[in-house]
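The next block holds one structure in the form of structure tokens; read it before the comments.
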Amino acid sequence: MKVMLVGEPGEQRTQLKTVLAALVEPELEIIEGETATAANLSENVAAPPAATLVIVNGNEEAALSFLQSQALHSPRPSLLAVLTARSAGLMKRALRAGADEILFMPLDPGEATCALLKISEARWRTERREGGVVISVTSLIGGVGVTSLAGNLALALASLHQRVALVDLDLQTGGLAVFLNLDPEVTIMPLVRLDRKLDSIQLESALTKHQSGVYLLAAPKRIEEGELVSDITVGTVLDLIRQLFDYVIVDCGDHVDENGVAAWERSEHLFYVLNQTIAAARSAWRFIDLFERLDLTTLEPRFILNRYNPSHPLTEKAIEATLARPIYAKIPTDDRTFESIEMKAQDLFQLAPSSPVARAMLELAALVMPRADLAPLQETFMSRLKSAFATH
């Protein structure tokens, strides 16, 4: 696997190159450059690198600008920011500039191996698996808004002219149908009872279309029927439904089971939802411990702070320090809008398309869309954001 090492010459870059050269797996071909010339170098090599490691040291602005410029390329390498200080602020800036992963100096060989193996295996998986992007949304604590985040993300992507499906794996609650104000005649159950191989016709017949264009594969009508849905069914459904849609968003509920793990194994993104409570932060920490033991090396959970209140005493910075993980996105609190949505049986982009919540959901949608897909929609996306800012 080809990697590019970017940073000013010196002891830190030498140490970084020494560690990378000594790694047994994955086998690396290392090319080097400086922030001022690396962009041209990466464009002119015969084969572009799979990963670019950028040392963020003395000249932070140059390194962050380079990250940002590389993040705009399509296709682009995986971007790893290598920080010389464990600063939450610098971590956040690097992630916002486009870094996919954060490493620290002096570089630990184990951490480097883990990060590069994720990239290698993800590239292998992407090259061999066609179809849309699967996004799983989960939590270990109820009441933080897993269903509303999954549903609103689907609506945001649909508003950007993407084909979107929702899969409700919160099998006992079945909250997505309520959220979308739907009463599905058919649920996932006919797919569970099939005595032959699932095909696209059978799958499409189990979907319910929302007025936004989003399709829903609903949870069973009866609570006890949820016990009949197996991880094999979930895997089969997701492998097929991704062939029909650009994005498949899976509501995994507020617990972990085999069905949820089957979804995670097929996901490009895993969003863990929490709010500004001690209970939510502690549950997120327990999730991190569990996820690491599952050894899903091709997936990194991202943490979404839902119903965010900047004046809350439990701050974003404190939560990041507790988790030792950055907050990937914040969705602002807006009880009045959501009360209106519930009372009027309308969705977010019908009732309040210019609200801060809608703007945050569009920004999250942009984060999961490849740059090549987002570029043709840039005018639509920017017009929505400008409208939202003008209103507020």
Side-chain angles (χ1 to χ4, degrees), residues 88-89 91-92 95-96 100-102 134-156 166-170 172-173 175-176 179 249-257 259-261 263-264 267-294 296 299-335 337-338 341 348 355-368:
M91 288 169 59
K92 186 184 300 182
L95 289 168
R96 288 178 175 169
D100 301 300
E101 187 88 24
I102 302 291
V134 178
I135 303 168
S136 289
V137 185
T138 193
S139 189
L140 286 186
I141 188 169
V144 295
V146 171
T147 296
S148 64
L149 188 122
N152 282 326
L153 178 57
L155 294 170
L166 278 162
V167 178
D168 197 343
L169 291 187
D170 193 358
Q172 292 194 352
T173 303
L176 278 174
F179 178 83
I249 301 175
V250 187
D251 180 350
C252 297
D254 56 10
H255 63 283
V256 176
D257 58 17
N259 294 338
V261 174
W264 301 352
S267 297
E268 279 70 35
H269 301 280
L270 173 58
F271 291 155
Y272 184 95
V273 186
L274 71 160
N275 60 11
Q276 289 166 285
T277 64
I278 293 173
R282 287 178 175 173
S283 294
W285 179 250
R286 287 169 61 83
F287 171 81
I288 292 169
D289 174 66
L290 168 67
F291 189 84
E292 289 176 346
R293 287 186 279 115
L294 289 173
L296 297 176
L299 188 65
E300 185 71 25
R302 305 286 194 180
F303 294 88
I304 310 294
L305 191 54
N306 201 23
R307 299 167 184 164
Y308 172 68
N309 180 357
S311 62
H312 196 284
L314 186 57
T315 64
E316 175 190 1
K317 187 174 181 180
I319 293 172
E320 287 181 326
T322 299
L323 302 182
R325 300 288 194 283
I327 295 299
Y328 186 66
K330 301 188 294 290
I331 312 300
T333 187
D334 192 345
D335 293 336
T337 294
F338 282 109
I341 288 171
L348 175 63
S355 65
V357 174
R359 184 169 69 242
M361 295 310 308
L362 285 168
E363 290 172 349
L364 182 58
L367 288 175
V368 301

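Computed from a predicted model, the values in this text were never measured in an experiment.
In this structure, Cys252 and Trp264 have side chains that are in contact, with non-hydrogen atoms separated by less than 4.5 Å. At least one side-chain heavy atom of Ile249 sits under 4.5 Å from a side-chain heavy atom of Leu166. Between Thr277 and Arg282 the shortest side-chain heavy-atom distance does not fall below 4.5 Å. Considering only heavy atoms from C-beta on, Lys92 comes within 4.5 Å of Glu320 through its side chain. Here the side chains of Phe271 and Val146 are not in contact, with every heavy-atom distance at 4.5 Å or above. Between Leu153 and Leu364 the shortest side-chain heavy-atom distance falls below 4.5 Å. Residues Tyr272 and Ile288 form no side-chain contact, since every pair of their non-hydrogen atoms from C-beta on lies 4.5 Å or further apart. Between Leu274 and Ile319 there is a side-chain heavy-atom pair separated by less than 4.5 Å.
Heavy-atom minimum distance, Ala156 versus Met361: CB-O, 3.7 Å. Closest non-hydrogen pair, Gly253 versus Asp251, comes out as N-OD1, 2.9 Å. The heavy-atom pair separating Ser267 from Ile135 by the smallest distance is OG-C, 4.5 Å. Across all non-hydrogen atoms, the minimal contact from Leu323 to Ala281 is CD2-O, 3.6 Å. Across all non-hydrogen atoms, the minimal contact from Pro356 to Asp334 is CD-OD2, 4.5 Å. Contact record, Gln276 with His312: O-CE1, 3.0 Å, taken as the closest heavy-atom pair.
Ser139 OG to Asn275 CG: the interatomic distance, rounded to the nearest 0.5 Å, is 8.0 Å. Atoms CG and CG, on Leu290 and Leu140 in that order, are 7.0 Å from each other to the nearest 0.5 Å. With values rounded to the nearest 0.5 angstrom, Ser148 atom OG is found 11.0 Å from Leu155 atom CG. Taking OG1 of Thr337 as the reference point, atom CG of Leu348 lies at 7.5 Å (rounded to 0.5 Å). The structure places NZ of Lys330 at 15.5 Å from CZ of Phe303, a figure rounded to the nearest 0.5 Å. Taking CD1 of Ile331 as the reference point, atom CD of Glu363 lies at 8.5 Å (rounded to 0.5 Å).
Remark: the backbone N or O of Leu176 is paired with a side-chain donor or acceptor of Asp168 at under 3.5 angstrom. The main-chain N or O of Val144 is found under 3.5 Å from a side-chain atom of Asn306 such that the two form a donor-acceptor pair. Checking side-chain atoms of Ser136 against main-chain N and O of Leu270 turns up no donor-acceptor pair under 3.5 Å. Checking side-chain atoms of Glu268 against main-chain N and O of Val134 turns up a donor-acceptor pair under 3.5 Å.
Residue Ile278 places its CD1 atom among 12 or fewer non-hydrogen atoms of other residues, nucleotides or ligands, all under 6.0 Å distant.
Residues forming a salt bridge (charged side-chain N to carboxylate O under 4.0 Å, His left out) with Asp100 (at least two apart in sequence, or on another chain): Arg76. Among residues two or more places apart in sequence or in another chain, the salt bridge (charged side-chain N to carboxylate O under 4.0 Å, His left out) test is passed with Asp289 by Arg293.
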